[in-house]
Amino acid sequence: MIYIKPFKNSSTSKTDQIEKMFDIISYKYDLINKFISLGNDIKWRKKFSDIIVNYNPKNVLDLATGTGIIPIIIANKKNISILGLDISKSMINICYKKITNKIIYRNIKFLKADCQKIFFLKKKKFDIVTIVFGIRNIENINNLLKEVYRVLNSNGILMILEFSNPNKDFFNKIYKFYSKYILLNIVKVFTKNLYAYKYLLKSIDFFTKNVSIKNLLKKFHFKNFKLLKLNHGIVSIYIANK
């Protein structure tokens with residue numbers, strides 16, 4: 001699959017570059033996301049988590065967990081066993097700093113791991129597998145989906161939250177204008193690592209234009225596909241059964 005990388009002049013793999021990039025920007029990741037999304041980032045994640053809880057799962061696997069926002073939201077709603085995986089050690093360290101209340105978060109675990117290689121997890125273990133704003137950063141999506149299918153219980157659910165193309169031209173134009181002329185100026189206030197956010201913007205544009213999540217899920221035999229668009233289609237929730 002064709003893809004773009006964070007570091008143009010580096011010969012290392014996309015996976016290695018993603019790990020390095022998120023290690024670098026992890027310390028301000030939540031704060032910057034809050035500002036550049038105009039507060040919508042946490043609203044999208046809460047909506048996503050509400051759907052997860054409504055399925056009443058016993059075991060949830062959150063891939064590309066980042067700073068652990070999804071597992072923590074879920075844990076505050078319901079007593080569910082949750083495992084969060086992320087390739088960035090710095091992100092995982094932040095996850096553990098957040099879960100100091102051992103009573104509320106006793107069922108959460110975080111591990112540093114490549115989501116494309118989760119061979120250490122047993123087959124048919126999880127009721128729900130989630131990926132939030134992470135699938136476009138995966139180097140080999142085929143490997144990822146094979147592994148997801150393997151570790152899901154029979155009729156288990158895959159849920160993906162990802163950026164998408166806004167529904168109408170009017171909102172599409174506003175979104176593109178904001179992304180091109182405003183967003184990076186906001187980022188400049190918080191960090192010197194603009195290259196990371198330039199990559200993230202390019203990855204969103206590239207992914208939405210070149211990848212159909214629905215077709216990918218069909219290819220790997222997922223069924224009962226559902227699509228829920230939020231904020232006029234700026235982001236979308238994809239749901240499918242094993």
Side-chain angles (χ1 to χ4, degrees), residues 1-33 36-37 41 61-71 83-97 109-121 129-151 158 160-164 179-180 183-184 186-188 190-213 215-217 219-220:
M1 180 179 177
I2 300 173
Y3 46 76
I4 58 173
K5 300 178 181 180
F7 305 101
K8 292 181 180 180
N9 299 324
S10 174
S11 60
T12 59
S13 69
K14 177 175 180 175
T15 300
D16 289 340
Q17 290 187 32
I18 290 294
E19 178 179 0
K20 179 180 178 181
M21 182 189 78
F22 280 109
D23 277 342
I24 292 170
I25 67 173
S26 60
Y27 72 109
K28 286 188 177 180
Y29 186 70
D30 286 348
L31 180 64
I32 293 175
N33 279 350
I36 64 177
S37 70
D41 176 69
L61 173 63
D62 186 39
L63 299 176
T65 197
T67 60
I69 297 174
I70 294 298
L83 174 61
L85 303 183
D86 200 276
I87 198 168
S88 166
K89 183 179 180 180
S90 296
M91 288 288 198
I92 294 298
N93 289 340
I94 291 172
C95 290
Y96 275 111
K97 288 178 182 178
K109 290 183 179 179
F110 294 108
L111 289 175
K112 180 189 181 303
D114 183 349
C115 298
Q116 302 162 101
K117 302 173 184 177
I118 50 176
F119 53 85
F120 54 90
L121 296 176
V129 175
T130 63
I131 310 169
V132 175
F133 300 128
I135 194 168
R136 71 182 186 279
N137 295 321
I138 300 297
E139 182 169 356
N140 193 322
I141 296 177
N142 288 345
N143 281 356
L144 172 77
L145 292 178
K146 284 179 185 177
E147 286 291 83
V148 169
Y149 196 89
R150 181 181 66 83
V151 301
L158 169 61
I160 299 170
L161 176 62
E162 189 52 83
F163 287 98
S164 54
S179 299
K180 186 175 182 179
L183 190 149
L184 288 177
I186 296 175
V187 174
K188 285 180 184 178
F190 298 98
T191 181
K192 296 179 180 179
N193 301 310
L194 282 180
Y195 71 90
Y197 289 89
K198 287 179 180 179
Y199 157 76
L200 291 172
L201 283 175
K202 289 179 181 178
S203 72
I204 292 168
D205 184 61
F206 179 86
F207 194 84
T208 54
K209 288 179 179 177
N210 294 280
V211 179
S212 167
I213 291 179
N215 289 342
L216 276 173
L217 297 184
K219 177 182 176 182
F220 287 91

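Just so it is clear, the values below take in all heavy atoms, side chains as well, and ignore hydrogens, waters and symmetry mates. Just so it is clear, the model here is predicted, and its values are computed rather than measured.
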With side chains defined as the heavy atoms from C-beta onward, is the minimum distance between [X] and [Y] less than 4.5 Å?
X: Ile87; Y: Cys115; result: no
X: Glu147; Y: Leu121; result: no
X: Leu184; Y: Lys198; result: yes
X: Phe133; Y: Leu200; result: no

For [Y], is there any backbone N or O sitting under 3.5 Å from a side-chain donor or acceptor partner on [X]?
X: Asn210; Y: Phe206; result: yes
X: Asn193; Y: Ala196; result: no
X: Gln116; Y: Ile141; result: no
X: Asp23; Y: Ser90; result: yes

**OP:** Looking only at non-hydrogen atoms, find the nearest pair between Gly84 and Ile92 and report the distance.
**Re:** O-CD1, 4.4 Å

Applying side-chain contact (heavy atoms from CB on, under 4.5 Å), name anything that partners [X], two or more places apart in sequence or on another chain.
X: Lys14; value: Tyr3, Lys5, Ile18, Glu139, Tyr199
X: Tyr149; value: His221, Phe222, Lys242
X: Ile204; value: Arg136, Phe163, Tyr175, Thr208

Original post:
Of all residues at least two apart in sequence or in a different chain, which pass the ring-ring contact (aromatic ring centres under 6.0 Å, His included) check with Phe22?
Top reply: Tyr29

**OP:** For Phe190, check ring-ring contact (aromatic ring centres under 6.0 Å, His included) against everything at least two apart and list the hits.
**Re:** Phe35

Only counting residues at least two apart or in another chain, list the ones meeting side chain to side chain donor-acceptor pair (under 3.5 Å) with [X].
X: Ser212; value: Asn215
X: Thr130; value: Asp62
X: Lys97; value: none
X: Glu19; value: Lys112

**OP:** Start with the C-alpha gap between Leu217 and Leu158, add the side-chain angles, then the distance that decides, and say whether side chain to side chain contact (heavy atoms under 4.5 Å, CB included) holds.
**Re:** CA-CA 9 Å; Leu217 297 184; Leu158 169 61; 3.5 Å; yes

Original post:
Distance from Leu83 atom CG to Phe110 atom CZ, nearest 0.5 Å?
Top reply: 9.0 Å

Residues in salt bridge (charged side-chain N to carboxylate O under 4.0 Å, His left out) with [X], at least two apart?
X: Asp30; value: Lys98
X: Asp41; value: Arg45
X: Asp205; value: Lys209

Original post:
Between Ser13 and Thr15, does any side-chain donor sit less than 3.5 Å from a side-chain acceptor?
Top reply: no

Subject >> Option from Leu145, Ile160, Leu144 for which side-chain contact (heavy atoms from CB on, under 4.5 Å) with Leu216 holds >> reply: Leu145

